[in-house]
Amino acid sequence: MESSSLLLFFLAAITLVGAAMVFSSYIPPTSTNAVKFEPYECGIETIGDTWLQYTVGYYLFAILFLIFDVETIFLFPWAVVMRSAGMTGFIEILIFFAILGLGLFYGWKKHALRWE
Amino acid sequence: MGFNFYDFTALTHNIHVGLVEGFSPFMATTLEWVIVGTAYLLFVALFGLLLVYAERKVCAAFQQRLGPMRVGYWGLLQTIADFIKLLMKELIMPRKADRFLYNLAPFIVIIASFLAIAVIPFAPGLQSLDFDIGLFYLTSVSSVGVIGILLAGWSSNNKYSLIGAMRSGAQILSYELSVSLSLLTMIVFAGSMQFSTIVEGQRDGWYLFTGHIPSLVAFIVFLIAGTAETNRGPFDLAEAESELTAGFHTEYSGIKFAFFFLAEYINLFIISAVAATVFLGGWMPLHFGHLEAFNHAMDVIPPLVWFFLKVFGVIFIIMWFKWTFPRLRVDQILTLEWKYLLPINLINILLMAFIVLTKFHF
Amino acid sequence: MKSFIEYIVSIFKGLWTLLIGMKVTGKYFFTPWKNVTQQYPENREKLVMFERFRGEVIMLHNENNEHSCNGCGICEINCPNGSIEIISKSILTADGKKKRIIDQHIYHLGMCTLCNLCVKACPSGALAMGQNFEHAVWDRSLLTKVLNQEGSTIAENVKEE
Amino acid sequence: MLNEFMFILIAVMILVFSVLTVLTRKILRAAVYMLFVLVSTAGLYFMLSYNFLAAVQLTVYAGGIVVLIIFSILLTSHLSERAVMAPFKQSLFSALATLAGATLTLVTILRFSFIPNVGADPNFNITDVGNALVSYNREGYALPFEVVSILLLAAMIGSIVVAKKEPTLRDKEAKTDK
Amino acid sequence: MGVSSKKEFEKNDYPIIAEYEGGGIILAQLDALVNWARASSLWPLTFGTRCCAIEMMAAGASRHDFARFGAEVARATPRQADMIIISGSINYKMAPVLRRLYDQMADPKYVIAMGACAVSGGPFYYNSYAIVKGADHVIPVDVYIPGCPPRPEALLYGIMQLQKKIKKMKNFGKVKYQEAKPILTGKPAL
Amino acid sequence: MSEIKEVMFNSDRLATDEYLVNMGPQHPSTHGVLRMLVKLEGEKVLNIQPHIGYIHSGIEKMCEAISYPQIIHLTDRMDYLSAHMNNEAVALCVENALQVEVPERVKYIRTIMDELARLASHQLWWCVMGMDLGALTTFFYGLRDREMILDIFEETCGARLTVNYNLPGGVMFDIHPNFQKRVKDFVTYFRTKLPEYDQLLSGNVIFRERTEGIGHLSLADAIAYGVTGPSGRASGFSNDLRKHQPYSAYPLVKFNEIIDHRCDTLARYEVRMKEMYESLSIIEQLIDNIPEGDYAVKMKSVIKLPEGEFYQRVETARGEFGVYIVSDGKKNPYRVKFRSPGFSNLFALNKMAKGHKIADLVAIMSTLDLVIPDIDR
Amino acid sequence: MIQNIPLSYFLVISTAMFFIGIYGFLTRRNLITMLMSVELILNSVNINFVAFNKYLFPQHLQGHFFMLIVIAVAASEAAVAIAIIINIYRNFKSIDVENVDEMKF
Ligand code: SF4
Ligand code: SF4
Ligand code: SF4
C-alpha cells in the first residue's frame with residue numbers, strides 16, 4: 001500500500017515540525033521591545049520598502065527550467081526502455097534532442113542564458 | 001523473528017506478518033505506521049545531528065583545528081546541546097510578515113526531504129517504499145522544497161531574505177535539471193528506475209566502473225549539481241554570509257531556523273545516498289566480475305555498513321568542496337549550469353544511449 | 001570552432017585548478033597530528049607565557065610584605081587614560097615628622113591598555129607587568145584593584161619622594 | 001476503511017483549497033493554496049497507483065508551474081498587496097453561472113452509471129509507459145513524443161522572444177519623467 | 001614561568017543569581033539540562049568593531065579554536081545568535097545600533113564585553129568625546145574581560161565564565177528568565 | 001527619519017526597481033563597523049555611499065591632551081594591523097623634530113618589525129579576502145601562520161597586537177635573545193606556505209573568475225583619489241615610500257616595488273601576494289646583521305617639541321600614513337593630524353564597484369584591505 | 001481502481017474543481033490569479049482522464065498520454081503566459097486586466 005505509506009511520511013514530517021514549533025512557541029522565554037520585530041538590516045532601520053521588484057533576470061531561468069522539466073518527464077520513460085528499444089529509441093531521442101537543442105542554442109545566441 | 005544483519009527482509013516481513021496476525025487490519029496498519037514513522041523520525045533527527053557534528057569535525061580537520069571538544073567526550077554531545085538550545089529559544093515573528101506563509105515554509109522544506117528519504121534503500125529489506133519510478137519520484141518530491149525557500153524569503157519582509165530566496169530559487173531550479181539529467185544517464189544504463197533493481201544490477205561491479213566515461217561524467221555532474229541543490233558551498237550564495245548575512249532565513253530564529261538547517265543536512269544525506277546507490281552500488285558490496293575470493297571477502301561486511309560507508313564517502317567529498325572553494329557569483333552559477341552542465345549532460349545522455357545501443361559497456 | 005575548443009579546454013583547466021586546491025586542504029585533513037590547536041583550559045598547567053607578556057600591572061612585594069612605591073604619582077601622570085589613582089595619606093614618622101606615604105594605589109584593570117608606560121616611568125621600580133590574563137568577571141567593580149597589599153609597608157631602601 | 005478515509009481527506013483538501021485559491025485576496029497565498037490542490041491531486045493519482053503520473057504531476061505542477069508562478073508573483077506583487085476582486089454584482093453573476101453549470105454537469109454525471117471494467121486491472125509500470133512511448137505502431141506514441149518536443153521548442157523560443165524584448169518606448173519614458 | 005597568579009582557577013564563585021528555591025526536583029533537573037544546553041552552545045553574533053575583533057578572530061582560528069566550546073557557528077543575523085561579543089569601542093553613533101541589534105536578538109541572549117573599550121572605554125576613557133564609557137551603559141553585560149586586547153585565551157576564559165553564569169540561571173518554576181537590567185558599577189562615567 | 005529624507009533627496013529618485021540596502025554597521029563583510037548605503041538595481045550596484053563615524057573615537061583631539069609617548073599608545077589603536085608602522089611614524093616625527101639620531105640597531109629592529117607587521121597584516125588580509133569570497137578555510141591557514149609572527153611580537157614587545165614598542169628615540173625593550181632564531185624559522189616556514197596560498201586561492205578558477213576584470217581603477221583615478229599602498233600600486237601608481245622616501249633601514253636593503261598595470265581586483269590581490277615575498281627578502285637581508293648598540297637613546301623624561309610644524313610619512317601595509325604635528329613648544333602637541341591610507345582608499349570604492357554585482361562589491365572591498373578605525377579615527 | 005470508491009466521486013471532484021476554476025477566471029482581476037484558475041481547470045481535466053483510464057480502460061494507456069500532453073501544454077502555456085505577464089508588468093507597472101486595456105501599441 002504505497003500511497004498510504006506516503007501519507008505516513010507526510011504525517012511524520014508534520015508531527016516533527018509541528019510539535020517542535022508548538023513546544024517552542026510556548027515554553028522558551030520571550031520578551032518584547034520596540035524594535036524586536038522590525039526587519040533586521042545590520043542594525044539600521046530599513047530604508048524605503050522592504051519589498052523589492054527584483055531583477056527580471058531570474059524568471060527567465062524559471063521558464064527555461066519549466067520547459068526542460070517537461071522534457072525530462074518524457075525522457076524518464078524513454079530511458080527505462082532504452083535498452084530494449086534499441087535503434088528506434090536512439091533515433092527518436094536524437095530527434096527529440098536535436099529539436100530541443102535548437103531551442104537551447106537559440107537561447108544561448110539570444111543571450112537568454114546570460115544572467116544580468 | 002530471525003535477525004540477520006545481512007538481510008533485513010525477513011525481519012521487516014516478520015514484523016509485518018506479526019502485526020497483521022495479531023491485530024485488526026486497521027490497528028495493524030496504524031501500529032506499523034507508528035513504528036515506521038518513529039523509526040524514520042529518530043533516524044532523521046539523530047542522523048541530522050550526527051551530520052552536523054561530522055561537518056564540524058571535518059571542517060575542523062581541514063582547518064587544522066579540533067572542532068567541538070568540550071561538550072561530552074570529543075564534543076559528541078555538541079549538536080544535542082545545540083538542538084536543545086534551539087528548542088528553548090524564542091521564536092521571532094517579524095511584525096509585517098505574512099504569518100501563515102512564514103510558518104508554513106519550514107514545513108514544506110521538511111516535508112519535501114521526508115518524502116524523498118522514504119525511497120532510499122538502506123540495506124536489503126530496509127526500504128519503506130520501492131516504487132518502479134523510484135528515482136523520478138525522488139527528484140519530483142525534492143523539487144517541492146524550493147517553494148519553502150521562496151516562501152520563507154518572501155514572507156519575512158526583509159530585503160536580504162528576498163534577495164537570498166530569489167537567488168537560491170533560481171539556483172535550485174536550475175541545478176535540479178542537472179540532477180535529473182545525470183540520473184537519467186544512469187537510468188539509460190541501468191534500464192530501470194527502481195532502486196532495488198538498480199542496486200541488484202550492480203552485483204558484478206558498480207555502475208561508476210562499468211559505465212565507461214559517461215557514467216564518470218554523470219557522477220561528476222551529479223556531485224556538482226547535488227552540492228548546488230543542497231545550497232552548500234561553493235554554491236551557498238543564498239546564505240552568503242559576506243553579502244546577505246543569512247540569506248532567506250535571516251529572520252528565522254530558534255527551532256524554525258533549525259529546521260532549515262536540518263533540511264539542508266537531510267538533503268545532503270539524500271543526495272549522497274542517491275549518489276551512493278546509483279553510482280556506487282548502494283548497499284551492494286564491492287564486487288569485481290569473476291574474482292570469487294575477493295567478492296566473498298567483501299560480502300563479509302554487512303550491507304548496512306557498506307551503504308553508510310559510501311554515503312559518508314560522498315558526504316565527505318561534498319564537504320571537501322565546501323571547505324576548499326570560494327563561492328561563485330550568482331551569474332556564474334547560472335552560467336555554469338546552463339552553459340556547461342546542461343549541454344554536457346545532454347551529450348552525455350546521447351553517449352550513454354549509444355554505448356547501451358552498441359553494448360560497448362562492461 | 002576555435003572558441004569551442006577553448007570552451008572544452010577551459011572546462012578541464014578549471015577542474016584541474018580545483019583539484020589542486022583540494023589537494024592542499026586534503027593534505028591537512030589527512031595529517032591531523034599536525035594540528036596546531038592548543039587546548040586552553042586543559043593545558044592550563046603547562047601554559048607558559050612569554051616573559052615580557054603584559055597581562056596586568058602588579059606591584060612587587062617582597063616576602064616581608066613590603067613594596068617600594070613611595071607614592072610619587074609619576075605613574076598616574078604617565079598613564080594615558082587615568083587607570084591609576086594614587087591616594088596618599090599623611091602619617092607621623094617615628095621622629096615626629098609628617099610624611100606623606102601611599103595609602104592606596106588604585107588600579108583600574110578594566111581601563112588599562114597594558115601599555116607599559118607606568119612601569120617604565122616609575123622611578124623606584126615598584127611596578128611590574130604580571131602575566132595573569134584570566135581576569136574575566138561578572139561584575140565590573142571587581143576590576144578595580146588596590147595594588148598595594150593590605151598591611152604592606154614601604155621597603156626601607158626606597159628613596160624618599 | 002483507510003482508503004475511504006484517505007480519499008475523503010484528499011477530496012476535502014482539493015475542494016477546500018481550490019475554493020480558497022480563487023477566493024483569497026493575498027496572491028501568494030492563492031499560489032500556495034493551489035500548490036496544495038495540485039499536491040493533493042498527485043495524492044489522488046498515487047491512490048490510483050498511477051505512480052508515474054503522480055510524480056509527473058508533482059514535478060511539473062508543484063515543482064515547475066507553481067514555482068514559476070511564485071517567481072512571477074515575487075516579481076510583480078507586494079507582500080501586503082491585496083488582489084482586487086470583481087465588483088459584487090459581477091461576482092454574484094459569475095457565481096450563479098458557475099453554479100448553474102456545475103449543477104447541470106453534476107446531474108448529468110450522477111445520472112449516468114459508469115460500469116467500471118473490474119475484471120482487468122493490470123498494474124502498469126513504467127516500462128509499459130516507456131514502451132508505448134517509443135513504439136510507433138497503433139498503440140505507440142512516438143509521434144506525440146516528437147510533437148511535444150516541437151511544442152516545447154515553440155514555447156521556449158516564444159518566451160525568450162517575449163522576455164528578451166527591449167523595454168518599450170513607454171518604459172523608457174517612465175524612466176525619465178518620473 | 002607559568003601563570004604568575006596563584007589564584008584559584010575557579011574564582012568568581014560568588015552568588016549573583018539566587019539559588020534555586022522551591023519547585024520540584026524535576027524542574028531543577030530540567031533547568032540543569034536546559035542550562036547545560038545553553039551554556040554548551042553559545043553562538044556568537046558576528047560583531048566586531050576594533051582591534052579586539054582581530055583577537056576574537058584569532059580565538060576562533062586554528063591555534064585557539066573556540067569551536068571546542070561549540071561557539072564557532074558565528075551567525076550574521078541576531079535572530080539566530082545567542083551571545084554578542086562586544087569587541088571594541090562603542091561610540092555614541094554606534095550605541096543605538098548596538099542596542100537595536102541586542103533588542104533584535106531572540107531570548108535568551110548574553111553579552112560579553114571584551115577588552116578595555118567595551119568594559120569602560122579603555123584607552124578612550126579619559127579624553128575622548130565620542131566613546132561610550134563602557135558598553136554596559138547601552139546593553140546589560142554579563143561578563144567583562146579586561147585587557148587591551150585580551151589574549152584569545154582570556155576570551156576563552158571569559159566564555160567559560162559566561163557558561164558558569166548561565167548554569168546558575170533559573171528558567172522554570174515561578175521565576176521566568178528575565179532580561180537583566182544594566183548594572184553600572186565600577187568607576188563612574190565622566 | 002531625517003536620514004530617509006536625506007537619502008530621498010540625495011538619490012535622484014526611488015524608482016520601483018532601484019532600492020537601497022544597508023551594508024553594515026554590523027555586517028560580516030565590512031570587517032568592522034563601516035556602513036554602506038548601497039543603491040542597487042537587481043543585483044547591480046548603482047551607487048555606494050559610505051557612512052563613517054560608527055567607530056570614531058576622536059583620537060586626533062585626544063592627542064592634544066597627552067604627551068608624545070602617550071600618543072604612540074593611541075596610534076597603536078588606529079590601524080591596529082600596522083600598529084608598528086603607525087607608531088614608527090610618530091616616533092620618527094618626534095625624532096626629526098628634536099633632531100635626534102637613533103642608533104643603527106634601532107633602525108634595523110624597526111625595519112624588521114615593520115616588515116613582520118606588514119606580513120601579518122597581509123596574511124590577515126589574505127584570509128579575510130578568502131573568507132569574503134566564501135573560501136572559509138583560507139581564514140584558518142592565514143591566521144595559523146600569523147600566530148608565528150604574533151609570537152615573535154609577544155616575545156619581544158610583550159603584546160600581540162597593540163605592541164606599543166616604539167618610543168621617541170628608540171624602542172621600548174631590546175630584542176629578545178630568541179628573536180633572530182624565531183624570525184629565521186618563520187621566514188623559512190613561511191616560504192613553504194606561500195606557494196600553498198597560491199594553490200589554494202590564487203590559482204583557483206572560481207577565484208580568478210570572480211576577480212579578473214572586476215573593480216577597475218585607472219591610474220588617473222588612483223592618483224585623483226589618492227589611493228596609495230598596494231591598492232594604488234596595482235593601478236600602476238608608483239607610490240612606495242620605502243623606495244621614494246626611505247626611512248629607518250630601508251635605504252640599506254634591496255627590494256622591488258611591486259607595480260601592476262592591470263588595475264583590477266586580481267592585480268590588487270597579486271600585488272599583495274608578491275609583496276609578501278619582498279617582505280620576506282627584506283627580513284632575510286637584515287636579520288643576520290643587526291648591529292650591536294643601544295636600543296634607545298636617552299630622552300628627557302618630559303619630551304617637548306620645538307615650536308613648529310612637523311610631518312612624517314611611512315608606508316604601512318595599507319598605504320601612505322602621515323603624521324602632522326603642530327607644536328607650540330609645550331609637552332602636548334597643539335594639533336595632530338593623521339593622514340590615513342584607508343580613508344582615501346575607501347572613497348575610491350564607489351568608482352570601482354559601480355556597475356558590478358553585490359558579490360563583487362564584497363570582493364573589491366576586501367582587496368582594498370580596509371581597517372575601519374584607520375579610516376575613522 | 002480504489003475499492004469502495006466509485007468513478008463518479010472522481011468526476012464530482014473534477015467538476016467542482018473545474019467550475020471553481022471558471023469562477024476564479026471570471027472574478028479575478030489579476031493576470032496571475034487568472035492564470036492560476038486556468039491551471040485549476042486543466043488539472044480537473046487531468047483528473048478525468050486519469051480516472052477514466054483507470055476505471056474504464058485499465059488495460060490501455062490513452063489516459064496516461066493524454067494527461068502527459070495536457071501537462072506539457074499547460075507548462076508551455078504557463079511559461080509563455082508568465083513571460084507575457086511580466087512583460088506587461090514591466091511596461092505598465094501593473095498586472096490588472098483593467099489597466100491592460102490600454103495595450104494599444
Ligand atoms: S608606583 Fe612608582 S611611580 Fe607610581 S606612585 Fe609608586 S613609586 Fe611613584
Ligand atoms: S599599563 Fe598603561 S594604561 Fe595601564 S596603568 Fe600603566 S600606564 Fe596606564
Ligand atoms: S580594548 Fe584595546 S584592543 Fe580592544 S578594541 Fe579597545 S583599544 Fe582595541
Side-chain angles (χ1 to χ4, degrees), chain B residues 24-30 33 94 96-102 104-105 108 111-112 115 119 129-151 153-158 161-163 165-166 169-170 172-173 176-177 180 187 191-194 197, chain D residues 1-6 20 24-36 38-39 42-43 45-46 49-82 123-131 134:
Chain B
S24 67
F26 186 73
M27 272 303 282
T29 321
T30 324
W33 276 24
K96 286 196 199 129
D98 189 326
R99 277 176 169 272
F100 173 65
L101 299 180
Y102 182 83
L104 182 72
I108 293 183
I111 287 174
L115 287 180
V119 287
L129 290 173
D130 194 11
F131 286 128
D132 54 343
I133 50 154
L135 277 173
F136 183 39
Y137 165 82
L138 193 128
T139 54
S140 68
V141 290
S142 58
S143 70
V144 180
V146 64
I147 295 176
I149 289 174
L150 285 175
L151 290 185
W154 199 67
S155 63
S156 43
N157 191 31
N158 184 312
S161 312
L162 185 56
I163 301 177
M166 289 298 254
I172 294 180
L173 279 188
E176 221 170 81
L177 274 182
S180 25
I187 295 172
S192 169
M193 288 197 246
Q194 198 160 6
T197 330
Chain D
M1 174 133 166
L2 201 63
N3 271 338
E4 287 97 323
F5 171 70
M6 271 174 57
L20 282 176
T24 181
R25 285 173 158 269
K26 292 188 175 165
I27 304 173
L28 192 58
R29 283 200 188 180
V32 173
Y33 294 139
M34 190 174 86
L35 170 74
F36 291 159
L38 299 173
V39 171
Y45 298 161
F46 269 121
S49 58
Y50 278 177
N51 294 337
F52 177 63
L53 291 188
V56 166
Q57 170 91 4
L58 276 181
T59 311
V60 177
Y61 270 116
I65 294 180
V66 171
V67 174
L68 182 57
I69 286 178
I70 290 181
F71 250 95
S72 54
I73 293 173
L74 261 53
L75 284 174
T76 55
S77 319
H78 195 280
L79 177 62
S80 52
E81 192 172 293
R82 279 156 183 275
N123 251 339
F124 282 119
N125 63 19
I126 184 70
T127 328
D128 304 319
V129 181
N131 278 328
V134 291

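Lettering follows sequence order; numbering is per chain, from 1.
Listed by first and then second residue, the side chain to side chain donor-acceptor pair (under 3.5 Å) pairs involving residues 52-63 of chain D are D:Q57-G:N43 (not counting sequence neighbours).
Of all heavy-atom pairs between B:V141 and B:A112, the closest is O-CB, 3.6 Å.
By number of non-hydrogen pairs under 4.5 angstrom with chain D, the leading residue of B:L101, B:V144, B:T139 is B:L101.
B:T197 places no side-chain N or O within donor-acceptor distance of the main-chain N or O of B:M193, the cut-off being under 3.5 Å. In this structure, the side chain of B:Y137 engages the main chain of B:L115 through a donor-acceptor pair within 3.5 Å.
For B:L138, no part sits under 4.5 Å from any heavy atom of chain D, backbone or side chain. Both the backbone and the side chain of D:V56 come within contact range of chain B, each with at least one heavy atom under 4.5 Å from a heavy atom of that chain.
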